[in-house]
Protein chains: 2
Amino acid sequence: MKPVIPSRGTLEPTVFAFDGGFWGERQELNRSAILPHAHEWIERVGCLDNFRGKPFRGPLFADSDVYKHFEGLAWETGRRPDATFEAWMEEIGALAAANQDADGYLNTRYRDARYSDLEWGHELYSYGHLIQAAVARLRTHGEDELTQVARRAADHVCRQFARDGVCGHPEIELALVELYRATGAERYLHTAKAFVDRRGGPALRDTPRGRAYFQDEQPLRAAKAFRGHAVRALYLACGAVDVAVETGDEELLAAIIAQWEHTIARRTYVTGGMGSRHSDEDFGEDFELPSDRAYSETCAGVASVMLCWRLLLATGEARFADQAERTLYNVVATSPAQDGRAFFYANPLHQRVPGEIPPTDRESPRAGTSTRAPWFTVSCCPTNIGRTLASLSGYLATSRDGTLQIHQYANGTIDDVRVTTDYPWAGAVTVQADRERTISLRVPAWARGATLNGEPVAPGSVTTRGREWRLDLPMTPRWTRPDPRVDAIRGCVAAERGPLVYCLESIDQQHDDLDGVRVDASAPPSEEMTAPGEFLFVSEDATLQFSPYHSWGNRGPSTMRVWTPHT
Amino acid sequence: MKPVIPSRGTLEPTVFAFDGGFWGERQELNRSAILPHAHEWIERVGCLDNFRGKPFRGPLFADSDVYKHFEGLAWETGRRPDATFEAWMEEIGALAAANQDADGYLNTRYRDARYSDLEWGHELYSYGHLIQAAVARLRTHGEDELTQVARRAADHVCRQFARDGVCGHPEIELALVELYRATGAERYLHTAKAFVDRRGGPALRDTPRGRAYFQDEQPLRAAKAFRGHAVRALYLACGAVDVAVETGDEELLAAIIAQWEHTIARRTYVTGGMGSRHSDEDFGEDFELPSDRAYSETCAGVASVMLCWRLLLATGEARFADQAERTLYNVVATSPAQDGRAFFYANPLHQRVPGEIPPTDRESPRAGTSTRAPWFTVSCCPTNIGRTLASLSGYLATSRDGTLQIHQYANGTIDDVRVTTDYPWAGAVTVQADRERTISLRVPAWARGATLNGEPVAPGSVTTRGREWRLDLPMTPRWTRPDPRVDAIRGCVAAERGPLVYCLESIDQQHDDLDGVRVDASAPPSEEMTAPGEFLFVSEDATLQFSPYHSWGNRGPSTMRVWTPHT
């Protein structure tokens with residue numbers, strides 16, 4: 001469960017084994033519901049039939065959903081074996097092999113029209129997911145038919161794109177670097193670096209969407225922020241960090257960090273969501289962060305976590321873990337339904353009308369409604385959730401020179417270290433080692449007033465030696481005020497508690513219409529619990545019940561708002 | 001210049017002849033620049049070549065741009081003859097005739113695939129513009145080749161769609177009613193009524209955009225507001241009012257008025273702009289009115305004026321003229337550049353970054369930037385501006401039973417009545433008749449403190465008998481506060497003066513960055529004029545210059561905002 005293993009950098013990933021709790025339960029849900037549900041749907045909508053020679057169905061990049069699904073299966077079987085999952089992977093591997101040309105080319109949509117449309121064709125993007133799937137398999141099992149297919153495809157890419165060309169949708173870059181890390185073959189790193197460097201030359205044809213859409217209007221090093229299509233921008237940034245780390249390119253790493261800082265300060269929702277525009281699934285301009293029309297795609301949340309993890313490994317700075325935590329709890333955890341069989345694709349922070357219930361027998365439009373849909377006409381998100389939950393154990397802790405760093409808190413174990421907590425519902429975290437050792441614990445930026453073994457500790461990382469630690473993070477609900485330059489939420493506050501963003505959902509209130517709601521933000525929200533994590537706030541004329549944002553929309557159509565005007 | 005001549009209703013249109021002034025100058029600009037510019041571009045992008053048998057180019061509805069252009073030429077030559085315009089119309093008429101099938105079918109895109117895609121094909125939409133062009137020609141000239149083509153097409157439509165079918169893009173409805181009015185042939189009215197009644201049955205196939213996109217998810221009478229694609233919704237409403245008036249369908253008229261009220265109160269910008277979403281060019285939900293991502297399409301502004309005019313003729317109520325005025329000055333007048341050779345397609349109320357300058361040698365994307373573009377890949381707006389300015393004389397005044405109603409103020413004459421004014425720059429309007437008569441003058445809703453011949457008059461319509469009138473409308477700049485349920489502009493004010501909405505444009509300010517600007521709204525804006533209509537506002541730390549919104553973006557890339565946070 002280590003999706004990223006840099007050969008250089010500050011921290012080395014280590015695996016956290018969940019024992020129940022918030023993420024452990026979701027990892028089990030992934031195994032029991034999300035992955036089987038995804039398998040059923042990629043079969044149903046034709047993604048697998050595309051490999052069986054049937055007339056092509058689905059979006060141009062339908063192959064990639066199969067590979068992302070394989071990646072989820074690979075990580076999950078690495079965690080705990082499963083014969084059904086093995087059989088699915090075997091079939092996918094055989095189908096992929098049967099469709100691969102002698103020179104390594106593989107795509108069920110383009111076949112004889114290979115690379116005729118680099119801007120939109122997603123062929124390299126699909127290889128990227130094939131390669132990530134192969135890396136997962138290599139690291140949890142070893143070589144199999146699919147890993148061989150992926151290596152041949154990667155070698156083909158290195159030959160085919162030796163001199164020019166990039167993909168309209170970045171993804172191949174980070175995949176090639178990881179394949180280099182998994183195999184040691186330097187050609188993969190060199191090709192990834194070439195893709196990163198070529199971009200913005202420009203390398204693609206202009207289209208009506210403009211080159212910024214696929215990050216090709218200027219060299220990556222020259223950009224001031226993440227821009228254009230959010231998932232494209234974030235996957236590209238991941239690949240650039242990987243290239244920078246492996247080649248020792250400090251300038252490139254610094255450029256991405258500067259862009260990340262700008263983007264977090266001006267182009268990111270309180271949930272961690274990125275990419276505000278429905279049109280072009282684009283970042284939009286600074287401070288263009290509407291709540292109601294927030295796109296905040298689930299895949300952009302996944303990509304943001306991937307990027308934060310890479311930056312954390314490269315620098316060791318707690319702020320990247322802070323942002324990963326915010327995004328995991330408030331975007332990634334928001335997408336899947338409680339039963340694991342429906343998903344949010346977009347993650348708005350304000351639902352103005354109770355939406356229609358999506359159909360259960362066919363794909364839904366991706367822009368979505370107020371309840372989750374089983375599958376989408378463009379269905380990148382469900383398989384992204386599947387592979388992320390299956391590999392989440394690899395995103396929580398690191399080590400370096402014998403010191404263990406725990407960045408995210410969950411109930412479970414890291415090798416011989418036991419973490420006991422009911423986080424994020426409660427703020428107490430106990431860490432026990434079977435011998436004296438040095439451990440670094442992250443104190444989240446929101447945790448003012450935290451204590452470690454009874455002593456006050458400031459946000460950041462605190463490193464101490466011992467055998468048992470007790471970290472207490474204050475879980476008092478708080479009001480968060482927005483940057484005054486964000487027009488859409490001026491005069492509003494958001495309720496937060498620990499790492500969770502809260503919301504008002506109409507089903508919990510006395511009135512359906514949330515447009516007229518006001519809160520008195522002069523005092524902090526009350527802490528009266530009605531269920532774990534749910535609390536009441538009492539205003540002058542109404543009692544308002546705030547619930548965790550990630551859980552909204554699970555009880556039928558409703559209206560909802562994260563930001564509420566204050567009196 | 002009477003685009004709408006109801007056979008029933010409250011008021012009868014009459015023609016206002018401009019003598020210079022705000023609209024007179026724009027009508028001349030239309031003649032000297034906009035119409036020739038449009039002709040050049042419909043030739044350049046292939047709209048005319050499509051009629052000459054060349055491979056089809058442009059959007060599915062490219063034919064309609066030719067017809068809208070013809071309509072503008074027809075109205076303009078009715079105002080003042082022009083041999084060049086006549087030659088253009090003659091060529092268009094001949095091209096249309098040459099492409100028409102024996103049974104009346106005419107479309108350069110579909111030809112042998114007729115009506116294979118009613119949802120997207122726009123064939124009936126294109127007939128609608130052909131018919132409107134023909135009506136303009138009939139009313140300013142008489143029969144010619146194009147009017148014959150249009151009649152044959154209309155007859156074909158009546159036969160072809162006798163039993164079922166509607167067009168994905170409404171427009172044919174209002175056109176058929178007007179052709180009925182111009183010719184007396186009742187089959188056109190009956191077919192228009194059938195199209196209005198069938199819609200929402202549903203009458204079209206479902207698509208990923210959903211049926212509300214083309215107003216087919218419920219019967220028009222059942223809707224609570226205008227919804228879906230804004231131009232579609234507004235053209236449909238126009239056609240429905242026309243049908244309701246001609247058939248005496250009071251229930252349908254009342255339904256449209258109720259929808260209009262809801263839409264004005266909850267789904268309309270302060271500029272009069274409608275359709276906030278870029279995605280699907282959609283109305284969006286109530287109070288979903290972002291300033292920065294306002295789509296507010298120019299064509300939706302034109303359509304809103306068309307609808308207001310129909311409702312004014314049907315009811316005589318001043319509120320419809322109020323809304324038409326707001327939309328004419330702040331959407332329709334905003335689109336064309338000062339030189340008449342570039343246009344805004346979208347009309348945002350907040351420009352966050354100085355945009356790129358559009359190319360002059362090719363079409364621009366419609367979503368636009370901070371300066372106007374000469375033509376668009378989908379270029380419905382420029383020809384809509386052309387036909388609207390050419391026929392604008394028909395949208396200002398009416399008569400009934402010997403009483404003249406002046407709804408909009410401009411310098412010029414209505415038959416033997418002379419109106420002298422520098423409106424909208426000054427509020428004094430003098431009306432002189434050559435004999436004693438009864439005249440009704442509109443006092444705009446914003447004009448609190450207006451006087452007529454020195455006596456206070458309240459907003460609404462004031463009807464008096466005499467030979468000379470002096471109306472004084474207060475032109476003091478004022479702050480307008482938003483509905484508190486509109487999240488995007490909470491805590492902001494907009495500067496208005498008379499019928500004009502004002503804005504801050506960065507080029508006029510000490511600082512480029514308008515994100516941090518604040519105004520003290522406790523006192524009204526100062527009236528210090530720097531040019532006609534431009535005034536300064538002095539805040540504590542900076543002098544801010546407000547300019548009319550319609551004039552923004554004429555001096556190169558800049559940032560801009562209509563709504564400004566107040567302290």
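Per chain, numbering begins at 1; letters A, B, ... match sequence-line order. All values below were derived from every heavy atom in this structure, side-chain atoms included, with hydrogens, water molecules and symmetry-related copies excluded.
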If one checks every heavy atom of A/P484 against chain B at 4.5 Å, the contacting part turns out to be both
With a 4.5 angstrom heavy-atom cut-off, which part of A/S279 approaches chain B: side chain, backbone, both or neither?
both
Pick whichever of A/R490, A/R485, A/E356 has the most heavy-atom pairs under 4.5 Å with chain B.
A/R490
Contact leader toward chain A among B/R561, B/E363, B/R366, where contacts are heavy-atom pairs under 4.5 Å
B/R561
Geometric class of the A/W479/A/F537 ring pair [parallel <30°, tilted 30-60°, perpendicular >60°]:
perpendicular
Answer with side chain, backbone, both or neither: which region of A/R277 has an atom nearer than 4.5 Å to a non-hydrogen atom of chain B?
side chain
Among B/R352, B/H278, B/E285, residue most engaged with chain A (heavy-atom pairs, under 4.5 Å)
B/R352
Considering only heavy atoms from C-beta outward, does the side chain of A/S506 approach that of A/P354 to under 4.5 Å?
no
Please enumerate all residues that pass ring pair (Phe, Tyr, Trp, His ring centres under 6.0 Å) together with B/F283, with sequence neighbours excluded.
none
With a 4.5 angstrom heavy-atom cut-off, could you sort out which part of B/D487 is near chain A: side chain, backbone, both or neither?
both
Side chain proximity check, A/W563 to A/V270, heavy atoms < 4.5 angstrom
yes
Could you tell me whether a side-chain N or O of B/R227 sits under 3.5 Å from a main-chain N or O of B/A233, the two making a donor and an acceptor?
no
Among A/D286, A/D280, A/V353, the residue with the most heavy-atom pairs under 4.5 Å to chain B is A/V353
Report yes or no: does B/D216 contribute a side-chain atom to a donor-acceptor pair with the main-chain N or O of B/G200 at less than 3.5 Å?
yes
